[in-house]
Amino acid sequence: MKTLWLVRHARPLIDTERCYGRLDIAADAEATRQAAQTLQQSLQHLHGRLQIRHSPLQRCRQLALDLQVLEPDFVSTPDGRLLEMDFGHWEGLRWNDIGEAAIGAWAQDLARHAPGEGESLAQMLQRVHEALQDALSSNSEHMVWICHAGVARCVQWLLQHGRRLPQSHEWTLPAPAYGQWLQLELN
């Protein structure tokens with residue numbers, strides 16, 4: 001049985017009222033160090049039996065690097081498939097400034113509409129599916145993805161529903177809190 005650890009980056013240094021999917025912002029340095037220490041303690045018994053990948057965005061890269069400082073053998077590889085959703089021209093805007101009509105259009109066709117002319121959920125699910133297929137075919141017993149809330153939700157959706165696209169009312173999957181993780185068993 002394989003285990004996938006979906007680790008969310010620490011709290012980003014941005015007002016959480018803003019849309020920041022692909023916005024490349026740093027995470028709180030102290031919160032990142034604490035998350036790395038907690039994660040290292042949970043992973044230390046898995047030496048030689050794990051593979052670590054991270055989103056290329058700096059808030060995830062910070063956590064990967066802090067983890068490697070604590071455990072030099074825990075080398076992480078960047079993987080663009082683990083990026084958060086691209087919200088296009090919505091990036092950096094306050095959610096309230098995006099407008100109800102634009103958010104409503106996205107909610108009406110959650111899977112296929114590209115918010116801010118960025119990336120649709122269907123596109124994101126496709127790239128996460130490809131990463132998940134690689135994880136399933138890997139020889140590693142444990143895989144650690146240092147990623148984002150959206151990626152964690154996509155993985156859960158794919159494991160529970162396969163390739164079926166979600167409706168807005170179905171997209172209620174939990175995500176780890178900042179600096180926390182989910183452990184999922186893969187068959």
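Heads up: numbering here begins at 1 and tracks the sequence.
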Considering residues at least two apart in sequence or located in another chain, which fulfil the side-chain contact (heavy atoms from CB on, under 4.5 Å) criterion with [X]?
X	result
Leu93	Ile98
Leu65	Arg61, Gln68
Ala26	Leu13, Gln58, Gln62

Contacts of type side-chain hydrogen bond (donor to acceptor under 3.5 Å, both in side chains), residue [X], not counting sequence neighbours:
X	result
Asp109	none
Gln123	Ser120
Asp66	none
Gln183	none

Could you grab the distance from atom [atom1] of [X] to atom [atom2] of [Y], nearest 0.5 Å is fine?
X	Y	atom1	atom2	answer
His54	Asp79	NE2	CG	9.0 Å
Arg53	Cys60	CZ	SG	14.5 Å
Asp73	Leu46	CG	CG	12.5 Å
Gln41	Leu39	CD	CG	9.5 Å

Heavy-atom side-chain contact between [X] and [Y] under 4.5 Å:
X	Y	result
Met85	Leu121	yes
Leu159	Leu4	no
Met143	Ser138	yes
Arg8	Gln180	no

Heavy-atom pair with the smallest gap, counting every atom of [X] and [Y]:
X	Y	answer
Ser140	Gln51	OG-CB, 3.4 Å
Leu186	Met1	O-SD, 3.2 Å
Arg59	Leu23	NH1-O, 2.6 Å

query = Are Val7 and Val144 close enough, and set up right, to give a side-chain contact (heavy atoms from CB on, under 4.5 Å), and what steps lead you there?
reply = CA-CA 7 Å; Val7 181; Val144 177; 3.8 Å; yes
Please determine whether residues [X] and [Y] belong to a single hydrophobic cluster, defined as Ile, Leu, Val, Met, Phe, Trp and Tyr linked transitively by side-chain heavy-atom distances below 4.5 Å.
X	Y	answer
Leu57	Leu63	no
Leu110	Val155	yes
Leu132	Met124	yes
Trp171	Leu158	yes
Leu6	Leu125	yes

task = Spell out, as yes or no, whether a donor-acceptor pair under 3.5 Å connects the side chain of Lys2 to the backbone of Glu185.
result = no
key: Side-chain (Ser76) to main-chain (Ala64) donor-acceptor, under 3.5 angstrom   = no
task = Take Glu141 and Thr3 through the test side-chain contact (heavy atoms from CB on, under 4.5 Å) and record every step on the way to the result.
result = CA-CA 6 Å; Glu141 186 178 341; Thr3 303; over 6 Å; no
ask   = Is there any side chain to side chain donor-acceptor pair (under 3.5 Å) pair reaching into residues 29-38, and which pairs are they, with sequence neighbours excluded?
value = Glu30-Arg33, Glu30-Gln34
Side chain to side chain donor-acceptor pair (under 3.5 Å) partners of residues 82-108, not counting sequence neighbours, each pair once = Asp15-Arg94
task = Sequence neighbours left out, what pairs pass salt bridge (Lys or Arg N to Asp or Glu O under 4.0 Å) with at least one residue falling in residues 169-178?
result = Arg164-Glu170
ask   = How would you list all residue pairs meeting salt bridge (Lys or Arg N to Asp or Glu O under 4.0 Å) that involve residues 116-132, not counting sequence neighbours?
value = Arg22-Glu119, Glu119-Arg127
ask   = Looking at Tyr178, is Arg11 sitting on its ring face, NZ or CZ under 6.0 Å from the six-membered ring centre and within 45 degrees of the normal?
value = no
Please output the side-chain donor-acceptor pairs of residues 145-154 that fall under 3.5 Å, not counting sequence neighbours, one pair per line with the distance.
{"unit_1": "His148", "atom_1": "NE2", "unit_2": "Ser55", "atom_2": "OG", "d": "2.8"}
{"unit_1": "Arg153", "atom_1": "NE", "unit_2": "Leu173", "atom_2": "O", "d": "2.9"}

request  = Hey, can you tell me if Trp5 and Trp181 have their rings parallel, tilted or perpendicular (30° and 60° cut-offs)?
outcome  = tilted
